[in-house]
Amino acid sequence: MPELPEVETIVRSLRNPKEWSAGGSRTLREQPGVIGRQISGATLLWTHTLATPKPDEFIKQITGQVIQNVSRRGKFILITLDEWVLLFHLRMSGDLRVEDQGQPIQKHDRLIIDFTDHLRLVLNDARKFGRAWLVKDEKEVLAGLGPEPLDPTLTGVDLFKSWHRSSRAIKALLLDQGLLAGVGNIYSDEALFQAKVHPLTPGKSLTEENCDQLLYAVRTVLEEGIRKNGASIDWVYRGGDFQNHFKVYQRTGQACKICGSPIERLVIGQRSSHFCPVCQKAKKN
DNA sequence: CACGAGACCTGTTCGC
DNA sequence: TGCGAACAGGTCTCGT
């Protein structure tokens, strides 16, 4: 599921006001925030969900901790505790919700973190790819991540430098979290369309101007995604609206919104890639 | 070292 | 209607 805008939306919802009630002011995802709450215990329902440490250590270390902050790095969610950092990666189908402890456990719930009040934080993840880490220093998990696309100090020249020696398709380079953190399959397709770059274009044939335009396009689509609370496709992620504004993603065979040509689909780096064959001209090397 | 295929999982949709 | 194949927001690991 989640790429940067969906993760950002979840992070913002976890920072909602601590006190929240149905019918109150409209908040993201209509659930209370978690900052300031104290953890009373945890239940691991699928062992593999916890990357580190071992379950008994995890429960011992997390119990009694108070949540100080919630933030995002790439597609990771960081929950800063008094002495530890709890990180989540939702991968394809993960989601986090905050609810009353009286609610029934749902199918695919994998990890439950109870608070000392009546609430709990639940990781639900149908495909079991999602992971949680409890570490002293987030660098243990985040080392190797590329820059944040929305960091204003990042420039097109920086991207040019990290791409221009590669023969890999730009589509695959955009998905490489070690080069740029947070872009996934939806937003890479949408950004390539906006920048009018063919997804198969090798990194080494992109000019600095191309990279400037691509960075601008990536930022534009990510920001629009955030404004629309992310994209909700199928049954996985709730509450987003960006799926109603896709220009190419999952529009195979439909008319390009610019030129009317049918959108095409290719598999690049084992991911489907949607593009307009006319607006995004294949670039010769 | 760089790159691509396979693995990890379950659920939904599509084609015959 | 049934059944298998294809596909799904991601990232590791392994082989070439």
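Numbered from 1 within each chain, the chains take letters A, B, ... in sequence-line order. Excluded from the calculations below are hydrogen atoms, water molecules and symmetry mates; all remaining heavy atoms, backbone and side chain alike, are included.
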Mind checking the P distance from B:dG6 to C:dA6? Whole angstroms is fine. 13 Å
A:D176 meets the side chain to side chain contact (heavy atoms under 4.5 Å, CB included) criterion, sequence neighbours left out, with A:R168, A:L179
Output yes when A:D95 and A:R110 qualify as a salt bridge under the 4.0 Å nitrogen-oxygen rule, no when they do not. no
A:D241 meets the side-chain hydrogen bond (donor to acceptor under 3.5 Å, both in side chains) criterion, sequence neighbours left out, with A:N244, A:H245
A:Q243 atom CD is separated from C:dA8 atom P, nearest whole Å, by 17 Å
Separation of C:dT11 atom C1' from A:E3 atom CD, nearest Å, is 13 Å
Apart from A:W46 itself, members of its ILVMFWY cluster (side-chain separation under 4.5 Å) are none
Of A:Q250 and A:L175, the one whose nearest nucleotide on DNA chain C sits closer to the 5' end is A:Q250
A:P53 meets the side chain to side chain contact (heavy atoms under 4.5 Å, CB included) criterion, sequence neighbours left out, with A:E57, A:F58, A:Q61, A:L134
Rounded to whole Å, the CG-C1' distance (A:D125 to C:dT11) equals 13 Å
Taking N or O atoms only and anything under 3.5 Å, show me the protein contacts with nucleotides 4-7 of chain B, one pair per line.
from, atom 1, to, atom 2, distance (Å)
B:dA5, N7, A:Q270, OE1, 2.8
B:dG6, N7, A:Q270, NE2, 2.9

Are any of A:Q177's side-chain N or O atoms less than 4.0 Å away from OP1 or OP2 of C:dT11? yes
A:F76 CZ to C:dG10 P, in whole Å, measures 13 Å
Here the distance between atom P of B:dC1 and atom CG of A:L179, to the nearest Å, is 15 Å
Separation between CD (A:Q280) and CG (A:D189), nearest 0.5 Å, reads 8.0 Å
Whole-Å distance, A:D189 CG to C:dA8 P, equals 10 Å
### Query
Would a line drawn from the ring center of A:Y249 to the ring center of A:Y187 be shorter than 6.0 Å?
no
Here the distance between atom C1' of C:dC7 and atom CD1 of A:I268, to the nearest Å, is 17 Å
Q: For C:dT13 and B:dC9, measure between their P atoms and round to the nearest Å.
A: 14 Å
- salt_bridge(A:E140, A:K136) N-O dist < 4.0 Å: no
Dot-bracket for DNA chain B, 5' to 3', Watson-Crick and G-U pairs with both distances under 3.5 Å, [ ] for crossing pairs, | for partner on another strand, reads .|||||||.|||||||
Can we call the ring centroids of A:F88 and A:W133 under 6.0 Å apart? no
Between CG of A:L145 and C1' of C:dC12 the distance, given in whole Å, is 14 Å
Inset, instruction - Tell me what A:F242 touches on the nucleic acid: a base, only sugar-phosphate, or nothing, going by heavy atoms under 4.0 Å. - result: nothing
Per-nt protein contacts along nucleotides 8-16 of chain B (heavy atom under 4.0 Å; B base, S backbone sugar-phosphate only, - none) come out as BBBSS----
Side chain to side chain contact (heavy atoms under 4.5 Å, CB included) filter on A:R73, not counting sequence neighbours, yields A:L78, A:L142, A:L145, A:E148, A:A181
Side-chain N or O of A:H89 closer than 4.0 Å to phosphate OP1/OP2 of C:dG10: no
Expected rows: protein N/O vs nucleotides 4-6 of chain C N/O, under 3.5 Å:
none

Under a side-chain separation threshold of 4.5 Å, the hydrophobic residues clustered together with A:I263 are A:F193, A:V248, A:I258
Besides A:I105, the hydrophobic cluster formed by Ile, Leu, Val, Met, Phe, Trp and Tyr side chains linked at under 4.5 Å, directly or via other members, contains A:L45, A:I112, A:V122
Think A:S167 has a side-chain N or O under 4.0 angstrom from the OP1 or OP2 of B:dA2? no
Sequence neighbours excluded, the answer for side chain to side chain contact (heavy atoms under 4.5 Å, CB included) partners of A:L266 is A:H198, A:L200, A:I268, A:F275
query: Does a salt bridge link A:D117 with A:R37, judged by any charged N lying under 4.0 Å from a carboxylate O?
result: yes
